Colleague: 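Just dropping this structure here.
Just so you know, ligand 1 is whichever comes first in the structure, and atom 1 is the first atom listed for that ligand. All heavy atoms count here, side chains included; hydrogens, waters and symmetry mates do not. Keep in mind that what you see is a predicted model, and the values were worked out from it rather than measured. Throughout, residue positions are numbered sequentially from 1 according to the sequence presented.
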Amino acid sequence: MKPPDFNLNPLTFSMEIFNVYPLLDLEPVKAKGAYVYCQDGNKYLDFYGGHAVISIGHSHPHYVNKISEQLQNIGFYSNSVQNPLQKKFAQKLGQLSGYDDYQIFFSNSGAESVENALKMASFQNSRSKVISFDKAFHGRTSNALGVTDDERYRAPINENNKVVFLDFNDLVGLDHELNKGDISAVVIEPIQGIGGIRVFDDVFLQQARELCKEHNTVLICDEIQSGAGRTGKFFAHQHAGIKPDIITIAKGIGNGFPFAATLLSPDFEPWYGQLGSTFGGNHLACTAATAVLEVIEDEQLIRNAAEVGSYFKQQLSDLPQIKEVRGRGLMLGVEFPFPVKKLRQKLIEEEQVVTGVSSNPNVLRLLPPLNITRKETDQFINAMQNALEQPQPLQ
Ligand SMILES: Cc1ncc(COP(=O)(O)O)c(C=O)c1O
């Protein structure tokens with residue numbers, strides 16, 4: 001028999017990337033602070049942070065040093081041994097967020113932390129029905145997808161969820177559903193990200209808090225995008241002065257290192273095996289996330305997010321052709337009376353500025369690093385002015 005030929009032409013026989021992402025024509029090779037440097041030799045101002053992930057800026061020296069140092073010692077061991085790095089992170093998180101009486105369960109992605117939140121709610125009250133809201137996005141695993149308001153992503157195997165979708169800020173609907181007495185959890189992004197930067201009314205959140213308490217329903221705030229100081233408070237729900245029973249975190253808390261967690265009020269009592277994860281809370285992940293918290297604290301980035309955020313919001317509101325600017329701190333959405341696809345492309349190609357989009361085609365999503373300066377927001381505004389003044393139609 002002829003031996004197999006291992007010198008096959010790699011161009012003819014190479015594994016394909018499963019093609020599910022429409023890609024921007026950008027190939028970042030290096031990044032620093034608010035900038036990414038691409039293969040094409042250009043430097044781009046990054047007001048997107050790769051889906052709201054970059055919080056303390058790209059390649060922050062403290063973050064790089066801490067991760068590099070940790071890697072020299074131990075990068076990983078599973079949750080079967082003592083890991084004081086978990087306690088160190090939890091202590092810092094409790095102190096910075098004001099939730100030092102809560103418990104933490106570590107995982108790796110946003111969807112996982114939502115999945116665990118929904119599961120814990122169901123363990124707690126032995127119910128299985130959940131309330132979510134229109135345009136919500138909570139992730140792509142089965143239960144997280146169940147409470148995501150986008151049917152396109154749901155395969156038949158994901159259809160076994162018992163979820164009631166209510167209109168945004170619909171207090172009457174919420175009251176009506178909770179009165180039935182069978183709702184396990186209400187899951188809310190205090191500021192919807194992918195839904196187009198929509199801010200829930202403080203009064204709605206306060207009432208939701210009260211109603212959930214009254215009906216033994218677990219209130220879950222998904223702070224995966226809005227947490228880690230982005231909105232000018234550690235968590236976006238803190239603007240409304242409420243305390244949810246469960247909080248989910250991911251994205252900015254790791255600044256790019258895969259890290260997520262579910263925070264649980266003292267009412268939840270764990271038992272061995274109730275939740276689990278191989279990688280969750282590993283040495284390198286905890287080091288990365290602790291470094292993020294240290295930078296947030298040392299550089300007072302929550303204050304910066306509030307201050308530069310309100311300056312930036314005002315600047316954006318003064319631009320021509322804008323319908324509305326929404327959001328808090330450095331989690332901002334700019335709505336135009338036309339689809340933003342061409343504008344976003346122009347910003348990349350002609351102004352070297354990267355922005356995000358949302359499920360609303362008319363909204364640009366802006367998520368710069370929390371240490372962005374006024375000078376950099378001025379630069380962004382200049383770029384927007386140029387792009388909006390161009391003679392070619394943007395619609
Ligand atoms: C609010 C919110 N929840 C959950 C998720 C899912 O996170 P991940 O993609 O890490 O699973 C996202 C992701 O964009 C999100 O914005």
Colleague: Is any side-chain N of the basic residue among Asp182 and Lys180 closer than 4.0 Å to the acidic one's carboxylate O?
Modeller: no
Colleague: For each nitrogen or oxygen atom of ligand 1, which protein N/O atoms lie closer than 3.5 Å, and how far apart are they, rounded to 0.1 Å?
Modeller:
from	atom 1	to	atom 2	distance (Å)
ligand 1	3 (N)	Phe137	O	3.4
ligand 1	3 (N)	Asp222	OD1	3.4
ligand 1	3 (N)	Asp222	OD2	2.7
ligand 1	10 (O)	Gly110	N	2.8
ligand 1	11 (O)	Gly110	N	3.4
ligand 1	11 (O)	Ala111	N	2.8
ligand 1	14 (O)	Lys251	NZ	2.9
ligand 1	16 (O)	Gln225	NE2	2.8

Colleague: Identify whether Leu366 and Val308 are in the same connected component of the hydrophobic contact network (ILVMFWY, side-chain heavy atoms under 4.5 Å).
Modeller: yes
Colleague: Can you tell me if CD on Glu307 sees more than 12 non-hydrogen neighbours from other groups inside 6.0 Å?
Modeller: yes
Colleague: Check this for me: His51, atom NE2, are more than 12 non-hydrogen atoms of other residues, nucleotides or ligands nearer than 6.0 Å?
Modeller: no
Colleague: Checking salt bridge (charged side-chain N to carboxylate O under 4.0 Å, His left out) for the pair Arg326/Glu335: CA distance, chi angles, key distance, verdict?
Modeller: CA-CA 8 Å; Arg326 297 190 289 269; Glu335 182 158 353; 2.7 Å; yes
Colleague: Any cation-pi pair here, Arg344 with Tyr48, using under 6.0 Å and within 45°?
Modeller: yes
